[in-house]
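Please read the structure below before turning to the comments.
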Amino acid sequence: MRLAPSPSGPLHVGHSRMAILNDEYVKRYGGKLFLRIEDTNPSNIDLDSYHLIPEDLEWLDVKVHEIVIQSKRMDLYYKEARRLIEMGKMYICECSQADFKNYKLNSMACPHRERAPETNMEAFEKMISGAFRKGDVSAVVKTDLNHPNPSIRDWIAFRVKEETHPLTGRTYFAYPMMNFSVAVDDHYLELTHVIRGKDHLNNTEKQSYIFTYMKWIKPHYYHYGLVHIPGALLKTSLIKKGIRDGTYSGWSDIRLQTLLAMKKRGYRPDTFRKYWVNSGMREIDSEFSWEIFNSINKEFVDQHAKRLWFVPDPVRLRIVGGWDMNSKAPFHPGNPDEGERVYHLGAEPEIYIPGKDWLTIADKEKFRLKDLCNVIRKDNGIIYADNSHEDLKKIRILQWSPADSQDFSVERPDGTVDNGKIEPLFSKVKGVSQFERYGYVNLDLERKKGYFLHK
RNA sequence: GCUCCGAUGGUGUAGCACGGCCAAGCAUACCGGCCUUUCAAGCCGGCGACUCGGGUCCAAAUCCCGGUCGGAGCACCA
């Protein structure tokens, strides 16, 4: 089995599917998983991704047995190309791009198609030694000019690139197209099974010509349906543009759906695995469900998410008439091992409550400060009422935070920020916590802020 | 336009290769109740689907034909 990403950036949610599906197959049935970095197009390579991709995979707990880098195997591709030329199955076309396209669309042979193998070989050697300019020539695999799908008729296997390759520099001038290098590598890596998206259906057919000409055994192919991930920006080129022009702070900007960003928000690798295994390998296109994805993540995260009181948009109030006020509450109601938090507030303390709630509390309305006491609103202040637990079901219960609370802000994936106060003991909490009546947040203690995960 | 693929509740799926055990299972969401000093978690109950039309058959979500709808690919990206 293999994972074959192009090194144009780190992995995102979409990639996690193919990684996990392949990995899961290998883990269940045995075998070997290659990570094959497909860097045969020097124009869209991001040097960092050579290490970011393996790191992402490691985070996902995908076990890669061996890493193969295509740009280091160019001689192999050239060697196999020569064999095809000798067999008369590949030729060097010197038509313009437009002419070549025209011939194909009309099922016609281009003038170079029937040249002798020796002539082609000569042209090929010139091509790889850099004697041609970009766009002048290409190496073409003969298929069937009458194939109903024009893209499958005589497809291009090598083209000239003049850019400097980030890894190999200016060593090579002719680079294989994905369909050629993939066929050669799938054979030499002795792959038995290939799992990939059904956007590759045509490629599978193109590649099969190589297997047939070379008399190689084809792997078994499985094509899963495409998933549309709502609200996600996954096009690496667009993300890169956004990073360059300052729209995004980097690959881990939490508005993005790169694995880096999702990790920062507190998503767990197990969530990815469970979600993708659960959605299976059907050929149906489907809609990615954040609803289900988040609920799986909540399952993993909730058990150790300490509860905290965060007060967005805080209003500062004095509890008039409250003497010797104390509060004690567990960090996790269902998990006593997580400990508890205790506050001694003293007499007539000041506290913060959420501005949004304060706005909707009527004059003379009674409400509860959670784990503290009941109060009644009077004009623009509150007075102590009692500490009975009797009407808990009837009145609303608000989270609050003491006067010595810290400033804290939560960044949300939609780009907005909630500013507020957080209870002092938050500094004892690490990782993902649940802000009561607010949602799950991954804490960044050093910077006194958090990243919103989900409700 | 051409080629290929697909169609189960709001969403994600199981079942379809070998028709009957499917008056369609699970999850999530939603609604109601219990519990609870969070609008979290947990427990109980409820809601809700086989794209349409034909055909084969004792019997069709499952097989065949047609329509409709959706998706992907269509040349020097991977």
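Computed from a predicted model, the values in this text were never measured in an experiment. In what follows, chains carry the letters A, B, and so on, assigned in the order in which the sequence lines appear, proteins first and then strands, with residues in each chain numbered from 1.
The C1' atoms of B/rU8 and B/rC16 are separated by 11 Å, rounded to the nearest whole Å. Taking atom P on both nucleotides, B/rC64 is separated from B/rC5 by 13 Å, rounded to a whole Å. Nucleotides B/rU11 and B/rG73 have their P atoms positioned 23 Å apart, rounded to a whole Å. Taking atom P in both B/rG15 and B/rG19, the straight-line distance is 16 Å, to the nearest Å. Separating the P atom of B/rC22 from that of B/rA61 is a span of 13 Å, rounded to the nearest Å. Straight-line distance between the C1' atoms of B/rU36 and B/rC44: roughly 15 Å, to the nearest whole Å. Between B/rG25 and B/rA14, the two P atoms lie 15 Å apart (nearest whole Å). When the P atom is used for both B/rG46 and B/rC26, the distance is 11 Å, rounded to whole Å.
One can place CG of A/N326 at 19 Å from P of B/rU37, the figure rounded to the nearest angstrom. We find that NZ of A/K370 is positioned 10 Å from C1' of B/rA40, with the value rounded to whole Å. B/rG12 atom C1' lies 19 Å from atom CZ of A/R273, rounded to whole Å. A/Y224 has its OH atom 17 Å from the P atom of B/rG6, to the nearest Å. Atom-to-atom, CG of A/N44 to P of B/rC76 comes out at 14 Å; the value is rounded to the nearest Å. Nucleotide B/rC76 holds its P atom 19 Å from the CZ atom of A/F124, rounded to whole Å. Regarding A/F158, its CZ atom lies at a distance of 14 Å from the P atom of B/rC77, rounded to whole Å. The interatomic distance linking A/F288 (CZ) with B/rU13 (C1') rounds to 14 Å, in whole Å.
Each of A/V160 and A/M281 lies near RNA chain B, and the nucleotide nearest A/M281 is the one positioned closer to the 5' end. Mapping A/R368 and A/A98 onto RNA chain B via the closest heavy atom, the residue that lands nearer the 5' end is A/R368.
Ranking B/rU38, B/rU13, B/rU37 by closeness to the A/R307 side chain, first place goes to B/rU38. Counting only heavy atoms from C-beta on, A/E436 has its side chain closest to B/rU38 among B/rA78, B/rG12, B/rU38.
Across all strands shown, A/T40 has heavy atoms under 4.0 Å from sugar-phosphate atoms exclusively, and none from any base. Within the 4.0 angstrom heavy-atom criterion, only backbone atoms of the sugar-phosphate kind lie near A/E38; the bases stay farther away. Within the nucleic acid shown, A/N294 has no heavy atom closer than 4.0 Å to any nucleic acid atom. A/K161 comes within 4.0 angstrom of sugar-phosphate atoms only, judged by non-hydrogen atoms across all strands, and of no base. Using a 4.0 Å heavy-atom distance criterion, A/Y438 is classed as making no nucleic acid contact. At the heavy-atom level, A/D371 lies under 4.0 Å from base atoms of the strands shown.
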Pairing annotation in dot-bracket form, given for RNA chain B with Watson-Crick or G-U pairs under 3.5 Å and | for cross-strand partners | (((((((..((((......[....)))).(((((.......)))))....(((((..]....))))))))))))....
What string of B, S and - do you get for nucleotides 68-73 of chain B, 5' to 3', when a contact is any protein heavy atom under 4.0 Å?
-> ---SSS
Only pairs under 3.5 Å count here: list side-chain donor-acceptor contacts from residues 67-76 of chain A, not counting sequence neighbours, and write none if there are none.
residue	atom	partner	partner atom	Å
A/Q70	NE2	A/D185	OD2	2.8
A/S71	OG	A/D39	OD2	2.7
A/R73	NE	A/D185	OD1	2.8
A/R73	NH2	A/D185	OD1	3.0

Tabulate below the donor-acceptor pairs under 3.5 Å that side-chain atoms of residues 227-237 of chain A make, not counting sequence neighbours, or state none.
residue	atom	partner	partner atom	Å
A/H228	ND1	A/E287	OE1	3.2

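Scored by the side chain to side chain donor-acceptor pair (under 3.5 Å) test, A/D414 finds A/T416 as partners (sequence neighbours excluded). Listed by chain and number, the residues in a side chain to side chain donor-acceptor pair (under 3.5 Å) with A/T192 amount to none (sequence neighbours excluded). Scanning for salt bridge (charged side-chain N to carboxylate O under 4.0 Å, His left out) contacts around A/R307 gives A/D302, with sequence neighbours left out.
A cation-pi arrangement is present between A/R412 and A/F452 under the rule of less than 6.0 angstrom and at most 45 degrees off the ring axis. Under a cutoff of 6.0 Å and an axis angle of 45°, A/K161 and A/Y175 do not form a cation-pi pair.
A heavy-atom distance below 4.0 Å to RNA chain B is reached by these residues of residues 173-181 of chain A, ordered by number: A/M177, A/M178.
Evaluation of the ring pair (Phe, Tyr, Trp, His ring centres under 6.0 Å) test over residues 275-294 of chain A, restricted to residues two or more places apart or in two chains, returns A/Y267-A/F293, A/F272-A/F293, A/Y275-A/F288, A/Y275-A/F293, A/W276-A/F288, A/F288-A/W290, A/F288-A/F293, A/W290-A/F293. The list of ring pair (Phe, Tyr, Trp, His ring centres under 6.0 Å) pairs with a residue in residues 95-115 of chain A, not counting sequence neighbours, is empty.
Residue A/R36 has no polar side-chain atom (N or O) positioned under 4.0 Å from OP1 or OP2 of B/rA78.
For B/rA17, the O4'-C1' to base torsion is within 90° of 0; the nucleotide is therefore syn.
Side-chain polar atoms of A/Y440 and A/N297 form no donor-acceptor pair below 3.5 angstrom.
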Do any N or O atoms of the protein come closer than 3.5 Å to N or O atoms of nucleotides 25-36 of chain B, and which pairs are they?
residue	atom	partner	partner atom	Å
B/rU28	O2'	A/E291	OE2	3.3
B/rA29	O4'	A/E291	OE2	2.9

Nucleotide N/O to protein N/O under 3.5 Å, stretch nucleotides 42-50 of chain B:
none

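Atoms CD and NE2, from A/Q207 and A/H187 in turn, are 14.0 Å apart once rounded to the nearest 0.5 Å.
A/E163 has no carboxylate O lying under 4.0 Å from a charged side-chain N of A/R170, or vice versa, which leaves the two without a salt bridge.
Taking all atoms of both residues into account, the shortest heavy-atom contact from A/P402 to A/P424 is CG-CD, 3.6 Å.
Screening A/Y352, A/W309, A/W358 for a ring pair (Phe, Tyr, Trp, His ring centres under 6.0 Å) involving A/W400 leaves a single residue, A/W309. Across A/M177, A/K134, A/Q97, a single residue satisfies side chain to side chain contact (heavy atoms under 4.5 Å, CB included) together with A/R159, and that is A/M177.
Two residues are said to be in side-chain contact when any heavy atoms from C-beta on lie closer than 4.5 Å; A/V160 and A/R133 fail this criterion.
Under a cut-off of 6.0 angstrom, the local environment of CD in A/E350 is crowded, with over 12 non-hydrogen atoms contributed by other residues, nucleotides or ligands.
Looking only at distances, no side-chain donor or acceptor of A/R377 sits under 3.5 Å from a matching main-chain atom of A/K366.
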Check against side chain to side chain donor-acceptor pair (under 3.5 Å), A/Y343 and A/E423 | CA-CA 10 Å; A/Y343 292 107; A/E423 57 174 307; 2.7 Å; yes
